[in-house]
Amino acid sequence: MKLWGGRFAKETDTLTDHFNSSISFDARLYKQDILGSIAHVSMLAKQNIIPADDSKLIEKGLLDLLTDIEKGMITFNEKMEDIHMNIEALLIQRIGDVAKKMHTGRSRNDQVALDVRMYVRDEVDDLKALLLNLMTALVAISKEHTSTIMPGYTHLQRAQPITFSHHLLAYFEMFKRDYSRLNFTYDMTNSLPLGSGALATTTYPLDRDFVAEALHFNSVCENSLDGVSDRDFCLDLLHTISVLMMHLSRFSEEIILWSSHEFRFVELDDAYSTGSSIMPQKKNPDIAELVRGKTGRVYGNLMSLLTTMKGLPLAYNKDMQEDKERIFDSIDTIKMCLPIFTEMIKTMKIRKENMYKAAAGGFTNATDAADYLVKKGLAFRDAHEVIGKLVLHCVTENTSLEELSLDVYQAIHPIFDQDIYEAISLATCVNERKVKGGPSTQAILAHLEKAKAFLAHSK
Ligand code: ARG
């Protein structure tokens, strides 16, 4: 019989059992469920709601069950619907009637809210560690490339020369924000819903603060209706993972471009690329493509749960059982993506020469040529026009600004002098950009110091 079978005259249909049950996916909450129950019963005993001896028996029974689940000795039962009732039923089987006191002053509604919050906190901790590994790898690569010149792009057209570290550290900043969003998510999750009951708390004299402390929550949910029906923290998590995946996806897109024969800025390690079953020459960036592709399902999970929540009246509704697969899928996806992405970038070869060649070929120094004229006294708009004409000349003659003779320069404007060549060399263009946040070696070294301090502080 079902744990709630008393009011029913007949058994549920197997279709109902199958449709209603969540054990196939919420089984992974077993540990949180058991730890939550242990805290709950020890509080019940402290408050003299159940005898201390009973609480001891229940706690021991739960710990034994936890060990056996972790040893793989337990099979859960779909007829028992979810992880909460499976564990309770198993405990009754094992230690008898005393286990029936465990659910005093509690509902599955506040129980599931508790389990999911505890689970999300654990996962956020894991994600923070994985993200820090990636950020550490980025800093290590950046240290090697503080004077590796590459083209910076706008509209995917070569724009101005930058350093490879400058490009990589842009991602460092994105990941730093992702890290803050993970912390925010943790804070939003870190409130105890237990004690909210089904919706309206209970008449037993529960000590919610005691349970909060035992389970390391820094507050208790202030309103019981909100306590059982709030899934904002799940949405915060799904949003945080979505933005993080968006960053990984943009990075992936660049790696895919950079490893194409047209760019050849990087070469992926054989261990992190794949071949084609028909074209013998192929070496494909499948990992980067899959990370980019999986971003779609992660966005889908966010939209899905937002949509599930949008019409729900207070308080608990069974619709909310749909939260779990969405957050599990996003967590599993990002936990697969982060480590492999980290290894992929750690092992890729950087083709400095090709980056330099690309920066040299595409008039990325045209702005600096205009700035040269400004320093000699021209107004910027006039300088822009002069250099525009020179670029047009170079395009027709299939040459570059650095290859033009001084005669050609002076024919367009007499103010040009020998020092133009130094002024438009790529090294000058990059290293004169010493402004905070810029690409020069000097600015990058300063940024790297901050990045290292961030990592040291966050570990
Ligand atoms: N399996 C349920 C869920 O995930 C647990 C709460 C069930 N509560 C209820 N009143 N049916 O939401």
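We count residues from 1, following the sequence as given. Whatever order the structure lists them in is the order used to number ligands and atoms, beginning at 1.
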Next item on the list: Among all protein heavy atoms, pick the one closest to atom 11 (N) of ligand 1 and tell me residue, atom and distance.
Entry: Arg108 NH2, 3.6 Å
Next item on the list: For Ser22, counting its heavy atoms only, list the atoms of ligand 1 lying under 4.0 Å from any of them.
Entry: 1 (N)
Next item on the list: Within a distance under 4.0 Å of any heavy atom of Gln321, pick out the atoms of ligand 1 and give their elements.
Entry: 1 (N), 2 (C), 3 (C), 4 (O), 12 (O)
Notebook entry, point to check: Of all the non-hydrogen atoms in the protein, which one sits nearest to atom 4 (O) of ligand 1, and at what distance?
Noted result: Lys324 NZ, 2.7 Å
Item checked: Heavy-atom nearest neighbour of atom 9 (C) of ligand 1 within options Asp82, Asp115, Leu29, Asn109 -> Asn109
Check: Any luck finding a side-chain donor-acceptor pair between Asp286 and Thr274 under 3.5 Å?
Finding: yes
Note to self: Side chain or backbone, does Tyr316 bring an N or O within less than 3.5 Å of an N or O on ligand 1?
What the structure shows: yes
Notebook entry, point to check: Does Arg117 reach the side chain of Pro193, with side-chain heavy atoms less than 4.5 Å apart?
Noted result: yes
Margin query: Out of the candidates Asp82, Asp26, Asp33, only one should pair with Arg108 under the salt bridge (Lys or Arg N to Asp or Glu O under 4.0 Å) rule; please name it.
Written below: Asp82
Item checked: Distance, nearest 0.5 Å, that separates OG1 of Thr148 from CG of Leu168 -> 9.5 Å
Notebook entry, point to check: Do Tyr153 and Glu254 have a side chain donor and acceptor closer than 3.5 Å?
Noted result: no
